[in-house]
Protein chains: 2
Amino acid sequence: MSRRSGILEFAVLGLLRESPMHGYELRKRLNTSLGVFRAFSYGTLYPCLKALVAHGWLTEETGGDTAHGAAPAASLAGRRAKIVYRLTAEGKAHFEELLSHSGPDAWEDEHFGVRFAFFGQTSRDVRMRVLEGRRSRLEERLEKMRASLARSRERLDDYTLELQRHGMESVEREVRWLNELIESERAGRDQRAPDAAAPDRNESGETGGLPRHRGGSRPDPSDDTAT
Amino acid sequence: MSRRSGILEFAVLGLLRESPMHGYELRKRLNTSLGVFRAFSYGTLYPCLKALVAHGWLTEETGGDTAHGAAPAASLAGRRAKIVYRLTAEGKAHFEELLSHSGPDAWEDEHFGVRFAFFGQTSRDVRMRVLEGRRSRLEERLEKMRASLARSRERLDDYTLELQRHGMESVEREVRWLNELIESERAGRDQRAPDAAAPDRNESGETGGLPRHRGGSRPDPSDDTAT
DNA sequence: TTCGTCATGTAATGGGTTACATGATTAC
DNA sequence: GTAATCATGTAACCCATTACATGACGAA
């Protein structure tokens, strides 16, 4: 009943939508998908997985093997017996709901970031809703900052002032970014259905109306658990 | 022994250097000084204050009255008996040490922000050290992001890619900001001693070499506990 | 043989929030 | 008289991290 992290839960469901995975792999994928933006440790991940299973959103298969090829039944002795997690139908439904339903803190920095990372799995409607939601939230924040600054400007020293000015500028920049994204979405033609798992990008199928920033380097399947 | 928050501790000491205060007031000042950038709740503040007293960095005076004027001894019945906290000599020394010594996570976002808010109470040397420390930390981060992106670019969809691109851009912007600040510091003439409490800004005494961003509105002594 | 990395997990700890309890004072 | 704000505190969570325990496998 405990151990339900919100964002982690969301991210895990999102990743497992693409394909079943075991914990260790999940964590790696989590940390590359989200980049330096957010990282999770085993101490959170494993208990979270157990909780998700308890909710019926995931099933665990102890014997199976996913991406490695051979070595079928390793029983309890073979290389610490991988536990492969697979999304159930309920889990899928729950993910859809989380994705579109969006609780009250879905607009906060981290929540938004994780959501954004899974935009490829949603419809444009949902994307628009999330982007616009975040934008209006940031605009509120900006308004608060402006008001608070106007109130206390006289009493603050230069450094504090500079800190707040810079903070506001950051938020303004974020709003501009959202505006661009919203524009792109509006201009985009593809209205991807929310059921497109394993989104075959790199093909003709554009995911949305995003500005391309490509430049390819060689693929290199390693992780970044770097301290 | 418990309840020592690091940043909160630092911020509290910094604020109390200017003048003694009671908890309620401290929290307000904390939240206006740091702006929307960071907020603290009583649940953290009060225990922290007790801990700081236990360490000998603060003293508590139960009878006193700070900024209100009259109403001397209200005993235990008068308006819930304010507890005024005052920085001791040891507390002052500890603050100086925290300010210049800078532990390993002093470069992280929040730590840096709080530090920066108290830059007015340090010497330029310390400011430079903190700014440059943060910059090099961010540059490392940037390098990591670049590497990780190069490694996984092929495997990531457009939204994830865009997220990471934007993230990197944010960090780059932060670095540019730091560069400007460092430039300003270098150009600044005032080398304020670390003992200048209640820094009389708004006079000729510039605190550093900061770009001015003034524009004054009327003063309005209210708070922003706004939800 | 020793080191890295695969693989799962737990216990201790950290650092914070929300909600509540309590009650007096001031502003409308 | 009633609502907001002043003022202090505590208890119950929440979410996450670190460090540890355990152990197999592959490469140097």
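Proteins get letters first, then strands, A, B, ... in listed order; numbering begins at 1 in each.
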Could you check how far CD of B:Glu60 sits from P of D:dT8, rounded to whole Å?
10 Å
Please give, in whole Å, the distance from D:dA16 P to A:Leu30 CG?
11 Å
Between D:dA24 atom C1' and A:His22 atom NE2, what is the distance in whole Å?
14 Å
Work out how much the helix from C:dT1-D:dA28 to C:dC28-D:dG1 bends between its end axes, five pairs an end, to the nearest 10 degrees.
30°
Looking at B:Tyr24, does any N or O in its side chain come under 4.0 Å of the phosphate oxygens OP1/OP2 on D:dT8?
no
Under 4.0 Å between a side-chain N or O of B:Tyr46 and OP1 or OP2 of D:dT8?
yes
Rounded to whole Å, please give me the gap between CG in A:Leu49 and C1' in C:dT8.
11 Å
Find out whether A:Phe37 and A:Val114 are in side-chain contact, i.e. whether some heavy atom of one side chain is under 4.5 Å from a heavy atom of the other.
yes
What residues form a side-chain contact (heavy atoms from CB on, under 4.5 Å) with A:Glu140, not counting sequence neighbours?
A:Arg137
Would you say C:dG16 has OP1 or OP2 under 4.0 Å from some side-chain N or O of B:Arg38?
yes
By nearest atom, which of the nucleotides D:dA16, D:dG9, C:dT10 is closest to the B:Tyr85 side chain?
D:dG9
Short side-chain N/O contact to D:dT5 OP1/OP2 from B:Lys28, under 4.0 Å
no
Report yes or no: is the cationic atom of A:Arg38 (NZ for Lys, CZ for Arg) closer than 6.0 Å to the six-membered ring centre of A:Phe40, at no more than 45° off its axis?
yes
May I have the distance from A:Tyr42 (atom OH) to C:dA7 (atom C1'), rounded to whole angstrom?
8 Å
Let's see if you can work this out: which of D:dT10, D:dA7, C:dG9 has an atom nearest to the side-chain heavy atoms of A:Lys50?
C:dG9
Less than 3.5 Å apart, any donor N or O on the side chain of B:Ser170 or A:Arg173 sitting next to an acceptor on the other?
yes
Side chain proximity check, B:Arg135 to B:Leu131, heavy atoms < 4.5 angstrom:
no
Could you tell me how far apart A:Arg27 (CZ) and C:dT8 (P) are, to the nearest whole angstrom?
12 Å
Give a yes/no on whether any side-chain N or O of B:Ser41 is located under 4.0 angstrom from OP1 or OP2 of C:dG16.
no
Are the charged groups of B:Arg134 and B:Glu174 less than 4.0 angstrom apart, N to O?
yes
To the nearest angstrom, the CG-C1' distance between B:Leu45 and C:dT18 comes to 16 Å
Could you state the CZ-P distance from B:Arg29 to D:dC6, rounded to the nearest angstrom?
15 Å
Carefully, step by step, assess B:Arg146 and B:Glu143 under the rule salt bridge (Lys or Arg N to Asp or Glu O under 4.0 Å).
CA-CA 5 Å; B:Arg146 259 194 269 276; B:Glu143 214 27 69; 3.4 Å; yes
When you get a sec, tell me which of D:dA16, C:dG16, D:dT8 is the closest nucleotide to the side chain of B:Thr44?
C:dG16
